[in-house]
Novice: 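Okay, here's the structure, questions in a sec.
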Amino acid sequence: MAAALRGSRYLVGRCCRHVDFALVSTRSMASKTQVGFVGLGNMGNPMAKNLLKHGYPVIATDVFPESCKELQELGAQIVDNPAEVADKADRIITMLPSSPNVIEVYTGPNGILKKVKKGSLLIDSSTIDPAVSKEMAAAAEKMGAVFMDAPVSGGVGAASSGKLTFMVGAAEEEFTAAKELLSCMGANVVHCGQVGTGQAAKICNNMLLAIGMIGTSETMNLGIRLGLDPKLLAKILNMSSGRCWSSDTYNPVPGVMEGVPSGNNYQGGFASQLMAKDLGLAQNTATNTKTPVPLGSLTHQIYRMMCARGYAAKDFSSVFQFLREEEGQ
């Protein structure tokens, strides 16, 4: 299916020009109309909850029915598949693990595009290959719908508190139509350019995040081995030039911070296998653009090793534990 869609990439430059923008804008401004949501995992679940909190009726589905129970108890309507979501809602948000999942949810036998309404606004917040976002935009255009990529940053905590950052790839008119809805789930909604540029920004961010997490883990481990108290070391780092998000908001050392995965045996949060996937996307795009990313490449290798050694489902901050085990502790 993806191969077939690649043949229509030439449409992307013209994407959505034949779509009725007035229809999209009118629907986006309608007060509290139904919103579809596909993918209720660690990120999608709290995002959908925030839509409910803002008074939007939510129609949702997930490949794992048990993921839908909590949202259903809060008032969401649960349906069997993405096509049914598209049949009932003309604004749909998807939050899925990978490019193949996105292709299946949009173009599969029970996909969104099987029942999508003309003028529908389709917002994909998954982190995937930018080329796949462009393919989905071209496929949506053929059905008279608007597709945009809007991946997020901030993790589960920001998803729960409604403080995500959305990086949006869309035409200016489409971005304006989506901003109100995205603002219910995020504190920052940034227009990055045309379809695919949101993914480009997210891939770059996550490569830096992973590099920073490994650097923080190595630093904390070294300090502990030198006899420093980890909380004291974190305090010093966070008032010094080494401060970063991994040190002051998401510290990887158990006991240093509360409310982060390192304090819960690295459960929840952002799985190492997903970080490895995102780093793989960064590697692919770096290769395609002939961009040297030596630290990104090494970081990708480290997370791939972690996944092979039992860390796949643990939060990506478990790289600290991985390094400690590597040294025999």
Novice: Are Cys184 and Asn50 close enough that some pair of their side-chain heavy atoms sits under 4.5 Å apart?
Specialist: no
Novice: Got Phe322 and Ile302 here, is their nearest side-chain heavy-atom distance under 4.5 Å?
Specialist: yes
Novice: Measuring centre to centre across the rings, with the benzene-like ring taken for any Trp, is Phe316 within less than 6.0 Å of Tyr250?
Specialist: yes
Novice: Keeping His300 on the side-chain end and Gly296 on the backbone end, is there a donor-acceptor pair under 3.5 Å?
Specialist: no
Novice: Going by atom types alone, do Tyr266 and Ser272 pair a side-chain donor with an acceptor below 3.5 Å?
Specialist: no
Novice: Does Leu298 reach the side chain of Ile214, with side-chain heavy atoms less than 4.5 Å apart?
Specialist: no
Novice: Can you confirm whether Lys235 sits close enough to Lys231 that some side-chain heavy atom of one is under 4.5 Å from a side-chain heavy atom of the other?
Specialist: no
Novice: Leu74 and Val35: same hydrophobic cluster, using ILVMFWY side-chain contacts below 4.5 Å?
Specialist: yes
Novice: Does any part of the side chain of Thr61, heavy atoms only, come nearer than 4.5 Å to the side chain of Glu84, both counted from C-beta?
Specialist: no
Novice: From Asn221 CG over to Ser217 OG, what is the distance, rounded to the nearest 0.5 angstrom?
Specialist: 8.5 Å
Novice: NZ of Lys69 to CG of Asn45: how many Å apart, nearest 0.5 Å?
Specialist: 13.5 Å
Novice: After noting the C-alpha distance and the side-chain angles of Lys49 and Glu70, does the key distance pass the side chain to side chain contact (heavy atoms under 4.5 Å, CB included) rule?
Specialist: CA-CA 9 Å; Lys49 284 181 183 177; Glu70 184 181 9; 2.6 Å; yes
Novice: Could you check whether Glu326 pairs with Arg309 (Lys NZ or Arg NE/NH1/NH2 to Asp/Glu carboxylate O, under 4.0 Å)?
Specialist: yes
Novice: Would you kindly say whether Lys277 and Ser98 are connected by a side-chain donor-acceptor distance under 3.5 Å?
Specialist: no
Novice: Is Leu281 reachable from Met207 through a run of I, L, V, M, F, W or Y residues, each pair having side-chain heavy atoms under 4.5 Å apart?
Specialist: no
Novice: Do the side chains of Phe270 and Met305 join up, straight or via other hydrophobic residues, at under 4.5 Å, putting them in one cluster?
Specialist: yes
Novice: How far does CG of Leu232 sit from CD1 of Ile224, to the nearest 0.5 angstrom?
Specialist: 11.5 Å
Novice: Taking Val253 as the starting point, is it possible to reach Ile236 by hopping between hydrophobic residues whose side chains are less than 4.5 Å apart?
Specialist: no
Novice: Decide side chain to side chain contact (heavy atoms under 4.5 Å, CB included) for Thr94 and Val102; before the verdict, give the C-alpha distance in whole Å, the side-chain angles of both, and the deciding distance to 0.1 Å.
Specialist: CA-CA 8 Å; Thr94 52; Val102 170; 5.7 Å; no
Novice: For Asn265, does its backbone N or O pair with a side-chain atom of Gln267 as donor and acceptor, under 3.5 Å?
Specialist: yes
Novice: Taking atom CZ of Phe147 and atom CG of Asp124, what is their separation to the nearest 0.5 Å?
Specialist: 4.5 Å
Novice: Taking it one step at a time, do Gln34 and Gln77 satisfy side chain to side chain contact (heavy atoms under 4.5 Å, CB included)?
Specialist: CA-CA 10 Å; Gln34 293 182 129; Gln77 180 182 350; 4.3 Å; yes
Novice: Please lay out, stage by stage, how Met95 and Val152 fare under the test side chain to side chain contact (heavy atoms under 4.5 Å, CB included).
Specialist: CA-CA 10 Å; Met95 175 57 91; Val152 302; 3.7 Å; yes
Novice: Nearest 0.5 Å, please: how far is CG in Leu122 from CG in Asp149?
Specialist: 12.5 Å
Novice: Which pair of heavy atoms, one from Ile128 and one from Ser99, lies closest together, and at what distance?
Specialist: CB-OG, 3.3 Å
Novice: For a quick test of reading the model, state the closest non-hydrogen atom pair linking Ser247 to Asn238 and the distance between them.
Specialist: OG-OD1, 2.7 Å
Novice: Considering all heavy atoms of both residues, which atom of Ile93 and which atom of Met185 are nearest to each other, and what is their separation?
Specialist: CD1-CE, 3.4 Å
Novice: So which atom in Ile59 and which in Lys88 form the shortest heavy-atom distance, rounded to 0.1 Å?
Specialist: CD1-CB, 3.4 Å
Novice: Could you measure the distance from the CZ atom of Arg324 to the CE atom of Met220? Nearest 0.5 Å is fine.
Specialist: 10.0 Å
Novice: Does Asp248 pair with Arg243 as a salt bridge, N-O distance under 4.0 Å?
Specialist: yes
Novice: Might you point out which heavy atoms bring Ser133 and Val195 nearest each other, and give the distance in Å?
Specialist: O-CG1, 3.6 Å
Novice: For the hydrophobic clusters of this structure (ILVMFWY residues joined by side-chain heavy atoms under 4.5 Å, transitively), does one cluster hold both Tyr106 and Val63?
Specialist: no
